[in-house]
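Just dropping this structure here.
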Amino acid sequence: MLPNQEAFFTFVTMEKVAFIINPFSAKKNYQPFLNELKSKVQNPLYYISESILGTDDFIESHFDDVDFFVAIGGDGTISTVAKKLIGTEKVLAIFPAGSGNGFSNETQFSKNLDELLNKLKAKKSRKIDTFTVNDRLSINVSGTGFDGKVVKEFEKTNRGFKNYIKVSLKTFFNYKPIKLKFFDENYKQYNGKYLMINIANTRQFGNNAYIAPMASKSDGLVDMVLVKKFPLTYSPLFAFRMFTKKLKEDDYITYLPVSEIEFKVNTKNWHLDGEFNKIKSPIHVKVQPSSLNILI
């Protein structure tokens with residue numbers, strides 16, 4: 001009787017939960033997750049998404065009946081689901097299945113389904129910040145310059161950390177810095193050429209690469225990270241500091257905590273939470289404080 005009682009208990013507490021699966025994440029191998037989910041939750045409500053539009057339609061059609069929407073995928077998938085939950089009391093939950101999983105790491109979600117189900121049973125949540133880049137949502141880290149170009153080239157590969165490193169190294173040697181110009185007089189001292197410009201709501205890109213170790217997702221600010229092109233001899237120190245949460249301001253790195261900022265750059269290549277986007281200047285970044293309810 002015990003297994004059936006456990007299944008019944010799980011079923012009751014999963015009533016208002018929907019699971020949204022990106023079938024292209026986790027090397028397109030989502031079936032093990034789905035099999036495990038079905039073995040632990042009776043008749044789970046789930047959707048295998050083939051498009052952003054399909055995900056939007058699914059959320060809208062179940063919005064009144066579901067309190068917890070679980071995104072199974074990478075940061076791009078999570079951002080797509082989050083976009084529909086901004087400014088509501090609906091709760092975002094995550095099962096990480098991407099190549100970097102930066103936002104999942106920063107919000108303490110693991111690849112342990114039992115742990116996720118226990119969190120869903122507890123039903124505890126809290127509000128965190130998000131931000132927009134020209135009205136396009138970002139929940140983790142977005143940027144332009146070198147990393148925008150890397151993401152563009154990375155999307156042509158089979159993804160994975162090794163391919164990310166290969167693309168990064170190849171791009172670094174050929175990449176010409178971008179030009180940045182602020183509109184606010186208070187920031188004009190930072191006008192100039194940069195290897196990359198990142199807007200960080202949390203501390204890391206993903207894969208435990210901490211571009212903004214002091215960033216907080218609940219302080220009403222984002223860290224604008226300005227990185228000048230540095231010599232090859234600086235690369236080992238930069239990498240060491242980034243992977244040990246020790247990046248700090250120096251001759252090549254500047255941190256600007258802001259709640260809203262406008263500027264222009266001479267490139268349209270951006271990534272928003274690791275997904276390539278074309279965004280034309282001028283750029284308007286704005287924090288949306290306490291706008292997203294997330295499971296804890």
Check this for me: I52, atom CD1, are more than 12 non-hydrogen atoms of other residues, nucleotides or ligands nearer than 6.0 Å?
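No - once you tally the heavy atoms of other residues, nucleotides and ligands closer than 6.0 Å, there are 12 at most.
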Taking NZ in K246 as the centre, count heavy atoms belonging to other residues, nucleotides or ligands within less than 6.0 Å. Is the count above 12?
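Check fails, neighbour count at 12 or below.
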Show the numbers, then the answer: is there a side-chain contact (heavy atoms from CB on, under 4.5 Å) between S142 and R136?
CA-CA 11 Å; S142 295; R136 302 188 197 190; over 6 Å; no
Beyond-backbone contact of I94 with F103, side-chain heavy atoms, under 4.5 angstrom
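Heavy-atom side-chain distance check passes, below 4.5 Å.
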Could you walk me through whether F276 and H271 pass side-chain contact (heavy atoms from CB on, under 4.5 Å), step by step?
CA-CA 4 Å; F276 180 73; H271 76 86; 5.6 Å; no
Backbone of N140 reached by a side-chain donor or acceptor of D273 within 3.5 Å:
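Pair found, side chain donor or acceptor close to backbone of N140.
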Find the distance between OH (Y210) and CD (Q204) and round it off to the nearest 0.5 Å.
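Between Y210 OH and Q204 CD, I get 4.5 Å after rounding to 0.5 Å.
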Taking E249 for its side chain and Y255 for its backbone only, find out whether a donor-acceptor pair lies under 3.5 Å.
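Yes, the answer is positive, given that a donor and an acceptor are paired below the 3.5 Å cut-off.
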Any side-chain heavy-atom pair of F109 and I294 under 4.5 Å:
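In contact.
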Hey, is the main chain of G206 close enough, under 3.5 Å, to the side chain of N105 for a donor-acceptor pair?
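Between the backbone of G206 and the side chain of N105 there is no qualifying donor-acceptor contact (under 3.5 Å).
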Is it the case that over 12 heavy atoms from other parts of the model lie below 6.0 angstrom from the CG atom of D135?
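No, CG of D135 has 12 or fewer neighbouring heavy atoms, counting only those of other groups under 6.0 Å.
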Any side-chain to backbone donor/acceptor pair from T132 onto N134? Under 3.5 Å, distance only.
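Absent.
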Pair listing, ring pair (Phe, Tyr, Trp, His ring centres under 6.0 Å) test, anchored in residues 56-80, at least two apart
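Every ring pair (Phe, Tyr, Trp, His ring centres under 6.0 Å) pair that includes a residue of residues 56-80, provided the two are not neighbours, is Y47-F58, F58-H62.
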Under the rule for ring pair (Phe, Tyr, Trp, His ring centres under 6.0 Å), what residues qualify as partners of Y190, not counting sequence neighbours?
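Per chain and number, Y190 pairs via ring pair (Phe, Tyr, Trp, His ring centres under 6.0 Å) with no residue.
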Donor-acceptor pair, distance only, cut-off 3.5 Å: does the side chain of D57 make one with the backbone of G54?
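Looks like no, no N/O pair under 3.5 Å.
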Does N112 reach the main-chain N or O of E115 with its side chain, forming a donor-acceptor pair under 3.5 Å?
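Checking the backbone N and O of E115 against the side chain of N112, a donor-acceptor pair under 3.5 Å is found.
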Side-chain (S39) to main-chain (E36) donor-acceptor, under 3.5 angstrom
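The answer is yes, because a donor-acceptor pair under 3.5 Å joins these two groups.
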N22 versus T80: any side-chain heavy-atom pair under 4.5 Å?
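The answer is no, as the side chains (C-beta and beyond) never meet within the 4.5 Å cut-off.
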Evaluation steps, side-chain contact (heavy atoms from CB on, under 4.5 Å), between K90 and V66:
CA-CA 8 Å; K90 303 300 181 180; V66 171; 5.8 Å; no
Is a side-chain N or O of K217 found less than 3.5 angstrom from the main chain of E106, in a donor-acceptor match?
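Yes, the answer is positive, given that a donor and an acceptor are paired below the 3.5 Å cut-off.
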Is it true that atom NZ of K228 has more than 12 heavy atoms of other residues, nucleotides or ligands lying nearer than 6.0 Å?
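No, not enclosed.
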Given side chains that start at C-beta, do those of I253 and V225 come closer than 4.5 Å, heavy atoms only?
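Yes, their side chains come closer than 4.5 Å.
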Does any part of the side chain of I197, heavy atoms only, come nearer than 4.5 Å to the side chain of L226, both counted from C-beta?
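Heavy-atom side-chain distance check passes, below 4.5 Å.
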Pairs meeting criterion side-chain hydrogen bond (donor to acceptor under 3.5 Å, both in side chains) with involvement of residues 179-188, two or more places apart
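Sorted result for residues 179-188: D184-N186, E185-K188.
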Backbone N or O of L221 within a donor-acceptor pair of the D219 side chain at under 3.5 Å?
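Side chain of D219 to backbone of L221, a donor-acceptor pair under 3.5 Å: yes, one is there.
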Would you call F263 and V285 a side-chain contact if the rule is heavy atoms closer than 4.5 Å?
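Answer yes - side chains close enough.
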Side chain of N201, backbone of A215: donor and acceptor closer than 3.5 Å?
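The answer is no, because no donor-acceptor pair under 3.5 Å joins these two groups.
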Set out, in order, the CA-CA distance, both residues' side-chain angles and the distance that settles side-chain contact (heavy atoms from CB on, under 4.5 Å) for I199 and S138, then state yes or no.
CA-CA 9 Å; I199 314 297; S138 179; over 6 Å; no
F240: ring pair (Phe, Tyr, Trp, His ring centres under 6.0 Å) partners, not counting sequence neighbours:
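Partners of F240 by the ring pair (Phe, Tyr, Trp, His ring centres under 6.0 Å) criterion come out as none, since no residue qualifies.
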Not counting sequence neighbours, list each pair that qualifies as a side-chain hydrogen bond (donor to acceptor under 3.5 Å, both in side chains) and has a residue in residues 285-296.
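Every side-chain hydrogen bond (donor to acceptor under 3.5 Å, both in side chains) pair that includes a residue of residues 285-296, provided the two are not neighbours, is S125-N293, T130-Q288, T130-S291.
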Minimum heavy-atom distance S281-K264, with the two atoms named
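Result for this residue pair: OG-CA, 3.5 Å.
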Got a sec: does the NZ of K248 have more than 12 other heavy atoms crowding it under 6.0 Å?
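Count not over threshold, so no.
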Those residues that, when tested against F95, pass ring pair (Phe, Tyr, Trp, His ring centres under 6.0 Å) (two or more places apart)
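Ring pair (Phe, Tyr, Trp, His ring centres under 6.0 Å) list for F95, sorted by chain: F33.
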Is L195 close to P177 at the side-chain level, that is, under 4.5 Å between some pair of heavy atoms?
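No; the side chains remain at least 4.5 Å from each other.
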Grab the two heavy atoms, one from F24 and one from S49, that are nearest each other, plus how far apart they are.
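F24 and S49 have their closest heavy atoms at CE1-O, 4.2 Å.
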Please tell me if the side chains of V265 and W270 come closer than 4.5 Å, counting only heavy atoms from C-beta onward.
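V265 reaches W270 side chain to side chain.
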Gap separating the CD1 atom of I139 from the OG1 atom of T107, nearest 0.5 angstrom:
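One gets 8.0 Å once the value is rounded to the nearest 0.5 Å.
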Would you mind telling me which of I72, T55, V70 makes a side-chain contact (heavy atoms from CB on, under 4.5 Å) with I21?
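Looking at I72, T55, V70, the match for I21 under the side-chain contact (heavy atoms from CB on, under 4.5 Å) is I72.
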